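Here the structure is laid out as structure tokens; the discussion comes afterwards.
This one's a predicted model, so the numbers in the text were calculated from it and none came from an experiment. Reckoned from all heavy atoms, side chains included, excluding hydrogens, waters and symmetry mates. Chain letters run A, B, ... following the sequence lines, proteins first and then strands; every chain starts at 1.
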There are 4 protein chains.
Amino acid sequence: MSDAPIRDAEKERLEELYEAFDAANLSPLWTQRAGLMPQTPQPDAVPMLWPWSTLYPLAARAGELVPVGRGGERRAIALANPGLSGTAYATPTLWCAIQYLGPREEAPAHRHTQTAFRFVVEGEGVWTNVEGDPVAMTRGDLLLTPGMHFHEHHNTTDHAMAWIDGLDIPLVRQLDAGFFEFGPDRLSTRQTPAVSRNERLWGHPGLAPLGMSDSGARARSSPLMAYRWAHTDAALAAQLELADAGYPGVAGPGHAAVRFTNPATGGDCLSTIRCEMHRLQAGASTVTSRVAGSAVWQVFSGTGQVSVGAERYEVGTGDLFAVPSWAPLRIESADGLDAFRFSDDPVFEALGLARKEIS
Amino acid sequence: MSDAPIRDAEKERLEELYEAFDAANLSPLWTQRAGLMPQTPQPDAVPMLWPWSTLYPLAARAGELVPVGRGGERRAIALANPGLSGTAYATPTLWCAIQYLGPREEAPAHRHTQTAFRFVVEGEGVWTNVEGDPVAMTRGDLLLTPGMHFHEHHNTTDHAMAWIDGLDIPLVRQLDAGFFEFGPDRLSTRQTPAVSRNERLWGHPGLAPLGMSDSGARARSSPLMAYRWAHTDAALAAQLELADAGYPGVAGPGHAAVRFTNPATGGDCLSTIRCEMHRLQAGASTVTSRVAGSAVWQVFSGTGQVSVGAERYEVGTGDLFAVPSWAPLRIESADGLDAFRFSDDPVFEALGLARKEIS
Amino acid sequence: MSDAPIRDAEKERLEELYEAFDAANLSPLWTQRAGLMPQTPQPDAVPMLWPWSTLYPLAARAGELVPVGRGGERRAIALANPGLSGTAYATPTLWCAIQYLGPREEAPAHRHTQTAFRFVVEGEGVWTNVEGDPVAMTRGDLLLTPGMHFHEHHNTTDHAMAWIDGLDIPLVRQLDAGFFEFGPDRLSTRQTPAVSRNERLWGHPGLAPLGMSDSGARARSSPLMAYRWAHTDAALAAQLELADAGYPGVAGPGHAAVRFTNPATGGDCLSTIRCEMHRLQAGASTVTSRVAGSAVWQVFSGTGQVSVGAERYEVGTGDLFAVPSWAPLRIESADGLDAFRFSDDPVFEALGLARKEIS
Amino acid sequence: MSDAPIRDAEKERLEELYEAFDAANLSPLWTQRAGLMPQTPQPDAVPMLWPWSTLYPLAARAGELVPVGRGGERRAIALANPGLSGTAYATPTLWCAIQYLGPREEAPAHRHTQTAFRFVVEGEGVWTNVEGDPVAMTRGDLLLTPGMHFHEHHNTTDHAMAWIDGLDIPLVRQLDAGFFEFGPDRLSTRQTPAVSRNERLWGHPGLAPLGMSDSGARARSSPLMAYRWAHTDAALAAQLELADAGYPGVAGPGHAAVRFTNPATGGDCLSTIRCEMHRLQAGASTVTSRVAGSAVWQVFSGTGQVSVGAERYEVGTGDLFAVPSWAPLRIESADGLDAFRFSDDPVFEALGLARKEIS
């Protein structure tokens with residue numbers, strides 16, 4: 001005698017059960033546990049390189065064909081990770097785009113819960129007005145527009161300018177946490193000071209304006225919104241000089257690095273995005289490490305070789321690459337390299353999910 | 001003369017540009033800004049009710065047909081929000097399932113970064129061993145298994161038992177933050193004490209064991225892992241009695257509520273999930289409110305009417321419903337109602353994204 | 001030839017200089033550096049024992065001779081450390097007194113920045129109204145009156161009752177930080193509930209009233225103001241039982257201890273005073289340890305031998321002793337001992353001055 | 001009939017009781033409550049002015065007569081508040097001295113729990129080595145030596161130099177919290193760089209060295225230990241310029257002020273002492289305000305009129321004055337004034353005792 005009929009009957013009952021699950025908007029764990037809860041992160045996002053030599057010309061073509069205006073809001077072209085198909089996300093939490101503003105163009109005011117920064121790899125001549133405070137954008141600068149701060153851009157010159165925008169759009173979209181408001185159509189100001197008001201109040205090392213200290217200055221959002229290249233460069237140079245003299249300070253041998261911080265708290269400059277600048281001396285390399293959480297890097301100057309997981313890239317000025325969660329990363333440079341990094345580390349730390357491994 | 005040819009040429013050049021974007025793994029913001037950054041949250045998740053009268057029988061049928069064991073790990077049947085098609089998620093951040101353990105069955109040990117709790121709407125006789133500490137599961141209890149704590153379940157009786165599991169699986173999956181480990185195949189202990197060791201150390205109001213206070217007791221993860229119904233019931237009753245006597249304490253008229261907290265910090269009992277128990281007196285209702293962030297509720301006893309956005313549900317014991325981000329919620333009860341709520345509020349608060357509106 | 005005249009001339013010039021310092025309200029460091037900045041703390045306060053058998057009868061005599069009333073405010077008799085002559089301080093930061101309230105007596109309402117608690121070593125029948133919330137006082141209870149909370153005491157019985165008061169009067173006096181206000185002359189309430197309202201809202205393990213959570217509940221001052229002996233006793237007993245079964249939890253072998261905490265923060269129950277209860281099993285002893293900061297202990301039950309520095313005391317129920325900063329302390333008990341401790345530890349921790357040494 | 005005999009008998013019994021209190025090291029509250037717990041702070045410390053024209057010549061005379069060396073450690077002459085007789089304290093918590101170092105002199109290394117700073121009102125040529133890091137001292141600089149950091153001073157020039165030292169000696173002495181250690185007798189380094197290593201790592205606005213961020217950089221003690229006048233001056237000037245242009249930032253009309261902060265936390269630069277620099281434009285004045293807590297001010301440049309309680313001082317460069325707790329303070333200047341302030345505000349904030357009143 002065979003028990004095949006019994007097995008068939010069981011199989012049939014199981015199929016009926018799964019159909020009943022479907023009908024009742026239910027889904028069993030046991031058939032998908034490994035996918036839902038893998039032993040280590042299994043990102044859909046993949047390592048990816050976007051060369052500046054591709055990006056910039058496409059942005060310039062968009063500058064000829066696509067006007068900037070209300071609705072679309074910004075001429076920003078986002079890095080679309082091919083592993084995250086159907087999205088315009090660089091990683092599951094980070095959005096990154098090249099934004100291009102033609103001669104005399106303006107991008108109108110808006111504000112949103114999404115946290116944003118600009119990093120300038122080349123050019124100058126655009127001012128971002130943040131809550132009416134005009135902030136000059138020049139090569140090497142990091143400029144913040146924290147959540148719910150009205151901001152608008154205007155190009156004061158006869159040449160175009162491009163930079164990268166970084167935001168937590170994917171995270172906020174996934175959480176359904178986003179609020180967005182249009183601002184006035186007219187620019188709040190056409191002033192073009194070299195130094196913004198927020199810098200004049202908060203851009204002195206270790207000094208806080210007493211008159212601002214009771215009014216939420218220690219809040220989550222950094223009151224300093226422009227980090228100038230001259231300072232960043234000096235800080236990186238000093239670390240390497242101190243290392244040469246035998247003193248601590250560098251992140252690793254031949255590897256200087258700074259984190260951009262909120263001077264009112266000492267914490268990250270943005271609530272959901274960490275920003276850093278790294279410098280490798282000629283002949284130096286980072287350790288190979290991997291972290292829970294994703295990041296995007298942009299080479300600021302110099303050249304190097306990057307390994308992300310099994311991928312290997314030759315990189316130069318302006319090139320952008322994405323590092324998915326838990327992918328081992330190593331950067332080396334024969335001739336020296338400066339690179340900007342931004343990541344979702346603050347999210348992982350705030351939620352108790354941070355993890356790092358150096359191999 | 002017509003400028004149609006020019007327009008056609010422009011259109012063609014634009015199409016070429018968009019194709020070039022695609023080829024370069026780029027995506028323009030201006031065509032999708034409204035979807036990426038809506039003016040208020042536009043959740044894919046929808047309001048949804050899962051009646052206990054549907055859930056429990058299906059779980060029981062699964063109990064007959066599907067064994068519990070290594071790999072699938074748990075006989076847990078998840079609430080699959082129809083707006084989040086292709087997933088087994090109740091909301092974009094929260095996973096919720098009914099778990100069913102037959103007579104004398106065991107679910108083997110594992111641990112993971114995902115944060116978990118159990119809430120018991122009926123039954124008893126199962127013990128969850130958390131890091132070897134056996135925790136009894138009885139009606140009305142909230143039991144925690146914080147991230148990276150080994151846990152296993154075993155049914156000591158001749159009858160089946162079911163309860164709900166809540167986890168942050170969707171959030172951790174989206175972040176690519178998950179690590180998972182199998183534990184030993186044998187149960188760590190078959191002890192069945194009425195009170196677990198963690199309760200004996202930490203379950204006294206306002207008292208912390210001195211010997212544990214230096215060893216990470218103030219860490220993110222609650223050292224108390226069982227919240228018993230007798231305490232919860234007494235706390236809710238006291239609020240309403242005080243309100244009747246004219247004193248503050250209730251969440252609203254006829255509406256008592258408690259938050260389950262980490263006694264070592266006073267914060268949420270779990271790092272990514274808030275847990276609360278609510279009680280409506282007969283004839284009472286909550287205010288209509290909406291919050292940025294999503295939640296799942298389970299009726300613990302009594303009956304009521306629930307409005308979530310445009311949906312309206314009649315609910316009774318065991319019924320579960322999902323509340324998407326920013327959906328207005330109102331609960332009323334003619335005869336009185338107790339309901340358990342869990343949400344991603346701690347995530348929103350940690351990231352500076354919390355927002356609430358009472359209408 | 002002698003240089004004596006020169007030395008004399010120098011000495012004279014030096015004396016003139018020191019006189020000039022005096023005249024100008026100046027004082028040289030070099031003559032007093034060792035006293036101002038000793039290599040380890042050199043307290044003026046000395047170890048001291050105040051036997052209950054002395055204290056209580058004197059308090060009773062005061063009960064016959066001295067009325068309680070406005071101005072003097074309380075029939076409280078303070079422990080005056082003989083090393084701190086001219087003061088009524090137990091240690092440089094802590095004030096401790098036996099307070100005695102005769103049959104039907106009342107102590108009128110006042111409030112002050114000084115932080116206070118009561119600990120009851122014997123008796124019952126007095127209620128302390130804290131901001132109008134009547135708190136029963138019974139043997140073994142710790143009752144708080146945080147800074148700037150109006151409080152008044154009334155004895156509802158025909159027998160006298162005594163307890164100890166602990167305050168940070170010396171600290172606040174030294175800092176010139178004290179503010180004091182008289183309250184109404186009439187009792188705010190004559191209700192005598194067994195359980196106060198603050199306990200009904202906050203006295204459930206791991207549960208916080210949702211309706212109070214936005215209104216400063218996480219503030220410095222504990223919303224729970226009564227810690228009952230039944231809970232304290234059970235927590236201590238559980239630690240020793242767990243130790244007997246091989247599990248962690250005790251402060252040391254045969255030594256159980258709990259800290260009284262603010263359930264809204266997990267921190268100390270008072271901002272400037274730490275409160276703890278210790279239990280030594282028969283035959284057990286504490287380690288010998290010393291801490292930067294001072295403490296006062298009261299034996300609650302049992303007997304023991306106490307070493308404070310070079311002093312050695314036989315102690316029994318009600319006996320109080322002061323432990324100056326950095327004095328080595330050891331307690332042992334042949335028959336078992338429960339003892340209450342309060343200290344300025346939170347001040348030292350808040351200011352980064354905490355230090356501990358176990359020998 | 002008279003009841004005088006009865007009264008006499010009572011009086012006698014009371015006297016006996018008070019004698020019994022004394023004999024038992026006890027002290028009644030009711031006879032001294034008002035002194036122990038005044039309605040508002042009643043400082044023993046008094047407002048006091050120490051003119052620089054008196055201080056400096058006396059320090060110079062000490063320079064001729066008193067050698068600097070081990071034991072006395074420093075040629076520091078402290079402000080002795082006449083209200084605090086028998087002490088060398090400027091206020092109950094703050095010690096302040098003029099330190100004088102002759103040509104080529106050295107003050108040997110030591111470290112202590114007491115927190116210290118130097119502020120330079122004139123001169124240059126001395127380096128303070130802090131844990132071997134040589135820190136130049138020049139006019140207008142604030143230099144820190146946080147608790148338990150070895151420090152030593154050496155004058156590299158042929159002229160003398162003087163500055164003020166500020167420490168929390170009285171607070172630490174009162175708490176019995178002080179530990180002190182002698183360091184090596186030989187200078188750790190004779191290097192005289194213009195910029196110290198701590199400045200090179202931490203003296204860039206909003207930038208933290210990544211390599212130091214895990215190693216306690218966010219600890220209580222500021223990693224930046226030199227605040228240079230050029231930055232302070234620029235920050236003050238910017239506030240007034242912004243105010244002239246209609247923007248916020250100043251502390252009050254014509255009144256700019258900065259707080260010196262720990263860049264790793266945004267909090268006070270020292271755990272127990274707040275440091276600030278204030279600037280009054282010509283014709284401006286501060287509000288009249290009083291705070292719980294005491295402060296010492298030194299005029300850095302310019303002239304002004306100061307009211308502290310009932311006292312009124314004409315002040316100029318170098319003059320120091322003490323402000324006791326809760327004394328109303330007002331400063332005005334016809335010609336403009338810069339003044340340095342240090343206070344025990346962080347202690348009051350940490351202990352929940354801060355209070356301020358503006359009249």
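- Highest contact tally toward chain A, considering only B:Q99, B:E10, B:H110, B:H112, is held by B:H112 [criterion: heavy-atom pairs under 4.5 Å].
- Between the CG atom in A:D345 and the CG atom in A:D268 there is a gap of 7.5 Å [rounded to 0.5 Å].
- By number of non-hydrogen pairs under 4.5 angstrom with chain B, the leading residue of A:A78, A:S294, A:P324 is A:A78.
- Proximity of A:W95 to A:L167: side-chain heavy atoms (C-beta onward) are separated by under 4.5 Å at one or more points.
- Taking CE of B:M148 as the reference point, atom OG of B:S221 lies at 12.0 Å (rounded to 0.5 Å).
- In terms of heavy-atom pairs under 4.5 Å with chain A, the best-connected choice from B:T113, B:L171, B:V347, B:T91 is B:V347.
- Heavy atoms closer than 4.5 Å to chain A are found in both the backbone and the side chain of B:A177.
- Interface check for chain A: of the options B:Q174, B:R173, B:R61, the most heavy-atom pairs under 4.5 Å are formed by B:Q174.
- Proximity of B:E152 to B:P108: side-chain heavy atoms (C-beta onward) are nowhere separated by under 4.5 Å.
- Side-chain atoms of B:Y89 and B:D44, non-hydrogen and from C-beta on, never get closer than 4.5 Å to each other.
- Of the residues considered (A:L36, A:L353, A:T272, A:D22), A:L36 shows the highest number of contacts with chain B, using heavy-atom pairs under 4.5 Å.
- Interface summary for chain B: among A:A34, A:A20, A:P38, the most heavy-atom pairs under 4.5 angstrom belong to A:P38.
- Note: A:S27 leads A:P28, A:A24, A:S27 in heavy-atom pairs under 4.5 Å with chain B.
- Looking at B:Q32, the atoms closer than 4.5 Å to chain A (heavy atoms on both sides) all sit in the side chain, from C-beta outward.
- For B:F179, the parts lying near chain A are the backbone and the side chain together; criterion is any non-hydrogen pair under 4.5 Å.
- Distance alone, capped at 3.5 Å, is enough to place a donor-acceptor pair between the B:D319 side chain and the B:W52 backbone.
- Using a 4.5 Å cut-off on side-chain heavy atoms (C-beta onward), B:M48 and B:L79 make no contact.
- In this structure, CD in B:Q298 is found 4.0 Å from CG in B:L320, a value given to the nearest 0.5 Å.
- Contact of B:Q39 with chain A is made through backbone and side chain together, with heavy-atom distances under 4.5 Å.
- Most heavy-atom pairs under 4.5 Å with chain B: of the set A:T93, A:I169, A:T54, this distinction falls to A:I169.
- Between chain A and the residues B:P346, B:A88, B:A292, the most heavy-atom pairs under 4.5 angstrom are made by B:A88.
- Taking A:S271, A:A62, A:A90 one by one and counting their heavy-atom pairs under 4.5 Å with chain B, the maximum is reached by A:A62.
- A heavy-atom distance below 4.5 Å is not found between the side chains of B:S343 and B:F348.
- Contact check for A:C96 versus A:I164: side-chain heavy atoms found under the 4.5 Å cut-off.
- Residues of residues 65-75 of chain A lying under 4.5 angstrom from chain B, judged on non-hydrogen atoms, are A:L65, A:V66, A:G71, A:G72, A:E73, A:R74, A:R75 in numerical order.
- When each of B:L29, B:I98, B:T115 is scored by its heavy-atom pairs under 4.5 Å with chain A, the top score falls to B:L29.
- Smallest separation of non-hydrogen atoms from B:L58 and A:L17: O-CD1, 3.8 Å.
- Classified by interplanar angle (parallel below 30°, tilted 30° to 60°, perpendicular above 60°), the ring pair B:Y56/B:Y100 is perpendicular.
- Checked by atom type, the side-chain pair A:T145/A:R111 shows no donor-acceptor distance below 3.5 Å.
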